[in-house]
Engineer: 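A single structure is presented below for examination.
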Amino acid sequence: MTRIAIDPARPVGRLDRKVFGGFVEHLGRCIYGGLYEAGSPLADDRGFRKDVLGLLRELRLGVLRWPGGNFVSNYHWADGIGPVHSRPRRPELAWGGEESNRFGTDEYLAYCAELGTEPYICLNMGTGTLADALAWVEYCNSAGATYWASRRRENGRAEPWRVTYWGLGNEMYGDWQVGAFTAEEYVREATRWARAIRMLDPQAKLVSCGMNGWNEWDRVVIEGMASMVDYHSLHIYTGSDDYWTNVLQPHQAERAIRCTRALIERAAYRQKLAAPPRIAYDEWNVWYRQMTGALEERYTFADALAVGTYLNIFVRNCDWVQMANLAQTVTAARPGDARTLPDVETAQLEEGSEHPKDGMVAIRLPPRSFTVIEAAMTDR
Amino acid sequence: MTRIAIDPARPVGRLDRKVFGGFVEHLGRCIYGGLYEAGSPLADDRGFRKDVLGLLRELRLGVLRWPGGNFVSNYHWADGIGPVHSRPRRPELAWGGEESNRFGTDEYLAYCAELGTEPYICLNMGTGTLADALAWVEYCNSAGATYWASRRRENGRAEPWRVTYWGLGNEMYGDWQVGAFTAEEYVREATRWARAIRMLDPQAKLVSCGMNGWNEWDRVVIEGMASMVDYHSLHIYTGSDDYWTNVLQPHQAERAIRCTRALIERAAYRQKLAAPPRIAYDEWNVWYRQMTGALEERYTFADALAVGTYLNIFVRNCDWVQMANLAQTVTAARPGDARTLPDVETAQLEEGSEHPKDGMVAIRLPPRSFTVIEAAMTDR
Amino acid sequence: MTRIAIDPARPVGRLDRKVFGGFVEHLGRCIYGGLYEAGSPLADDRGFRKDVLGLLRELRLGVLRWPGGNFVSNYHWADGIGPVHSRPRRPELAWGGEESNRFGTDEYLAYCAELGTEPYICLNMGTGTLADALAWVEYCNSAGATYWASRRRENGRAEPWRVTYWGLGNEMYGDWQVGAFTAEEYVREATRWARAIRMLDPQAKLVSCGMNGWNEWDRVVIEGMASMVDYHSLHIYTGSDDYWTNVLQPHQAERAIRCTRALIERAAYRQKLAAPPRIAYDEWNVWYRQMTGALEERYTFADALAVGTYLNIFVRNCDWVQMANLAQTVTAARPGDARTLPDVETAQLEEGSEHPKDGMVAIRLPPRSFTVIEAAMTDR
């Protein structure tokens, strides 16, 4: 007989709402034609699509990462502020195409405010400089009378936006990444950024750029950055045309968490860290059919099981995983066809279909945060 | 008896027209007062000297490298576009003096178009950033609606200029070079540049910065960059007051080609490269009398023999040497005194003089490209 | 009996007036509300406080270092030129607060000119680029028709300011420093800066960034930079609530000088340097009570003895120590209460008080430069 013993006296930890987080990158129809479509009858006067906004509001996302992903490594944030018609149009290196910069920092932060979700901005460590990054933090968060804070006020926002979460680059290890580093180079550069950003904004929570969790990159970065960051990030994408492979691959995430946790604990012990960083799984999803910028996967029931597996893993490791961001929260949003991936609990697709129509993929989340309790399953 | 066996069935390779290439740097009277002299009665309304243009047109250069040389390592290309009167004047670090920026990217590319020669731009890896380099490529080559492409259109050029050849810095190993690197630093930085430039313009052909061909710098750079570039560059300058030394020193070039070829083949084998880079001898000449920015050497018959030796070496190694650029194509051009160095075939100076008058030095080339055939000379 | 033998035939060296140098950083009330207070009845029409200027004029400082210190590592000099009302206000990372940029390069250099003291500018190697540094040197020193020299003329200064002394960063080893380096990174980067600055201005005297004199950082930096700089800098701050500790700690400076001298001599011997760098003790003082940006220490008699000890050490090592800069020359200057620390010779505080009122601290110096003679003290 299989018994499940649940002991309420042994809580694993407090589940952080940011584990049910999203990620929206300037790619495909995620931003433009997805959550933002100025001039569309579906959009409000800020250009935010009301149908998409409505669905995202239901999700009650704990955090929303932006603007990339690979996109960010050649994104110059100052292009995306001020009067829309005078914003420069730029070539987009990560996914091809052009970036109009109509959706920029103020639009993103207004969107987060609208959703009641925490913003999380990933910094450009590819072609961006530390001076650029400092100006971005100042623009968002300074209550002072300084230049960039004044620019923010001119652009219509008197109060600081109070962005707490800042990512120190995206996948800086990868040769697909503009300005990729070796792990040692990354540690040196990210150390400079972390120190200076904290000098400017002591409230900032920083995220170091990790890989898969068990790589040498992760070891070097964790050893080098653990004393300076609040999170170490991991990314995972799985997927297969084979049903069971597709469903079960997400278990890699648990292995990754164990490895990363061990590396962090080792660094914490050796460096005597009172508050070692936690894990931010800041990109995760099934992704294998269209590895392009369009990203308009059509999801199946197997994918939903995979997503459920992922979320279960994050939840039962909630003492270490304190942020996770579904990539991408908005994959495409045809007029009148935006829809969501169903609840984790039920793990069933709307209309019972294996092939939901092309639409927005998202997760409907439980209404409140809760404490996760260890459950031991034994056969005896 | 000495026999020369020529076997048409054993071609060495197709001679690339770019082997008969030129190089014009912002130094001495090469650009200003050489090919460009706005306001001069000798110049057309674009400021191009008609006599110099006429001589260069005869040469039918396969490629023309610009703007340096050492000059480029503190050249900020955006200074040299737009209305001439609003271009900033800058200190010139490599050769002293000041740079007026009157001859910039659009002037250079119009000049190449006029000559029907391929442009080849060397990027500033000294004080220039990757972001600057990407903007330069965009300005020249983008057909899109992006910022720098739009600036190009405003400056009078609707179509992309289609610059194919881009050099990743000039002599970045040398302590005379603004921003010199170690070989390892160069590989890291040039790798970042190469990847990002290819993302922006997949047609770009890139040239890694080599030294003399047998140096440790060349080994490290070839191993590090061979998978990412189309050419590895070499530079050679020879010269002596001793007649035979002057004539025979160019044979070093053949040794350099053998060494470089071996290093490239080794890298290609170890890294399984389908299309390993070829050699661009992108600076070569006799140069020893005036090692200054003026560069106004007065050439002798021995120099002409040396030049003939160089060209013969490049031609018989045409399977590996696929670009070569005479430095400098225009050394000085006094009004009414511009002249050319005679044909390679005849290797005789005009007027039979050992001391041609101060004038433009250039090479008159055979009319069409041709196939080089191996010729074995045997004594028996 | 103790005898003191003074042999005028054995001079130690010529004492450089720059040993009696000052340092003013943008911190606390040193600049704003100290030597500069536009609009104050105490200030002249340039905003220079006349009482402070009068006291500093008496000191006949040989050199005055500016603008930091830690401040400089995020200081963008171009913010501080041109019309005062259009200068951007910036966050200040080193000490907190905001920088109004009202006191900038032209104000500082006019101040030095007013005092008849040599300016010594420390460059921003934190968030500043080599291109920024070159522009700064051009702005100050170019007699040409180039962009930044023209900007200086527009801002009211026709002649070059002729700044001879330039510091290659401040305390670039420290984790409190924006953009801190490892010693090896510093050598690479500072080498690039040194070469390029000398190309632009061959008269420039450069100062490498040292630590305490006996650290591994000093060894690596001296070995790497000795051929390229004129000074290696050291910093020392001492202080204790224990009287004798406070008075005697400055003897560390002599040890530091011996170590640094040995490192420089070793580098000079191995690298065959004709003119090895000398030591610039470009920050020194008693400082332990208020380690804050305010820096408004109230000095005691013990502090005065310590200062005397420091100066004696610099003087008797004048063959090696050729610059030293009291940090900070102006610590605070309440209206009507600016005052000076008394002569080295007498080492007594004005009014005989152990606790002079909050005021400007400075040293009254002997009227002319002089030759230091070795004095041997023997017991027999």
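Naming convention: chains lettered A, B, ... in sequence-line order (proteins, then strands); numbering from 1 in each chain.
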Engineer: Residues two or more places apart in sequence or in another chain: which of them pass side-chain hydrogen bond (donor to acceptor under 3.5 Å, both in side chains) with Trp66(B)?
Structural biologist: His26(B)
Engineer: Residue by residue, scan residues 134-156 of chain C and write down, ordered by number, those that have a heavy-atom distance under 4.5 Å to chain B; if none do, write 'none'.
Structural biologist: Leu134(C), Glu138(C), Gly144(C), Ala145(C), Thr146(C), Tyr147(C), Trp148(C)
Engineer: Output the residues of residues 173-188 of chain B for which the shortest heavy-atom distance to chain C is under 4.5 Å, in residue-number order; output 'none' if no such residue exists.
Structural biologist: Asp175(B), Trp176(B), Gln177(B), Val178(B), Gly179(B), Ala180(B), Phe181(B), Thr182(B), Glu185(B)
Engineer: For residues 190-206 of chain C, give me every residue with a non-hydrogen atom less than 4.5 Å from any non-hydrogen atom of chain B.
Structural biologist: Arg192(C), Arg195(C), Ala196(C), Met199(C), Leu200(C)
